[in-house]
Amino acid sequence: MKNDDTNLKQKILAGERVARDEAVRLFSWDLLELGMCADARRGMIWPHDTVGFIVDRIINFTNVCEAACAFCAYHARAGFIEKYDMSVDEILAKTATLVEAGGTQAMLQGGLHPDYTLQRYCGMLRAVRGAFPDIYIHSFSPAETVYLAKKEGLTVRQVIAALKDAGLDSMPGASDILVDRIRRTVSPRKLTKDEWCAVIRELAHFGMKSSATMTYGLGETLEERIEHLDVIRGVQDETGVIRAFIPWSFSPRNTRMDDALPATGMDFLRMVAVARIYLDNVVFLQSGWLTEGLKLAQIALSMGANDMGGVLTEEVVVKATGIATKTNRDELVAIIKDAGKVPVQRDSDYAVIRSFE
Ligand code: SF4
């Protein structure tokens, strides 16, 4: 190790905040060394052996989307899934199966549908809230919020106020990559980085929580990966609303970017470790089993990740890229135990519902 890197390692192990240029250097570190440092940081922010998961259900209620992002295989114009809209009754039937399975969280997510009004969004929420008062509704996205605000001539605050009033508990961050150079190329019709930050700040205004994701492998440089993490760290310093960070590698199949090389497993582990070290103010880092597979997700638990996310019954967006990873409660319990950790089923606020010690 060079002198500079020895100093950086000491800094990491002392729990000090890492600068952007230092974080970029971490990508070239030996993977085991990096993983060990990330696990040490995980121990500082989460000094427990438990790893949580949530029993939830994604309900992708429409794939009609004006944004037509180049990296997305899910929206109807990509041509792989026929255009569809779900009725409120269908949404309720899917929520009912979640409840029967002991699930606690519904994630309603759709495209930027030109005909969906704020009233329709609120109608979906009221129906779910009315039929299932105990279900936590972690739904929609900053992109849908900004789209609705523009379409209806409202402020983002007004849209969130209406959604909250109709029953929304929290909103996933769905941040892709918060680097406008990349966004202009792959998702020019979706919201900008500043608009994403504005939604997060407004959620904070209402005392609501969110998350932050990262889709990497979209043509960004390593510096831009850190730029993305830096946006999240900055907005989290300001608001504290981000409960978890979830990195995903880009899955090119069936998208307009299908000539891109898929990210490797090593790349995923490095990304988890670097994110764990950089995001010193976000407690939970999810191991993305859905895109990376269960084995790799298990390894990530010893390199900085401390949550397995959701069981995600009937996810459609990632499945559209040809990825067929599925799991269930028993499998997640076994995987977490085999990693030497204690599995816990948790709720949306990361409180333990049941321990599988
Ligand atoms: S990523 Fe979201 S906003 Fe972009 S095309 Fe797919 S559904 Fe639409």
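Bear in mind the structure is a predicted one, so any value in this text is a computation, not a measurement. Atoms within each ligand, like the ligands themselves, are counted from 1 in listed order. This chain uses plain numbering: 1 for the first residue, then up along the sequence.
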#### Entry: Distance-only side-chain donor-acceptor flag, S249 / E292, under 3.5 Å
yes
### Task
Please check if any side-chain donor atom of E144 sits under 3.5 Å from a side-chain acceptor atom of Y116, or the reverse.
no
### Query
At a 4.0 Å threshold, what atoms of ligand 1 neighbour a non-hydrogen atom of A68?
5 (S)
### Query
With a cut-off of 4.0 Å, which atoms of ligand 1 are near a heavy atom of A67?
3 (S)
### Task
Report, in ascending order of atom number, the atoms of ligand 1 lying under 4.0 Å from any heavy atom of C65.
3 (S), 5 (S), 7 (S), 8 (Fe)
### Query
Would you say S187 touches ligand 1, if touching means a heavy atom closer than 4.0 Å?
no
### Query
Which pairs pass side-chain hydrogen bond (donor to acceptor under 3.5 Å, both in side chains) with one or both residues in residues 261-279, sequence neighbours excluded?
R225-D267, D230-Y278, R233-Y278
### Query
After noting the C-alpha distance and the side-chain angles of D169 and R129, does the key distance pass the salt bridge (charged side-chain N to carboxylate O under 4.0 Å, His left out) rule?
CA-CA 10 Å; D169 290 307; R129 174 57 67 238; 2.7 Å; yes
### Query
Does a donor on one side chain and an acceptor on the other come within less than 3.5 Å for D85 and H113?
yes
### Task
Only heavy atoms count here, so choose which of C69, C72, G110 is nearest to atom 6 (Fe) of ligand 1.
C72
### Query
Can you tell which part of A174 has a heavy atom less than 4.0 Å from ligand 1: side chain, backbone, both or neither?
neither
### Query
If we ignore angles and hydrogens, is there a donor and acceptor under 3.5 Å between the side chains of R243 and S170?
yes
### Query
When you measure from atom 2 (Fe) of ligand 1 to each heavy atom in H75, K190, R189, which option holds the nearest one?
K190
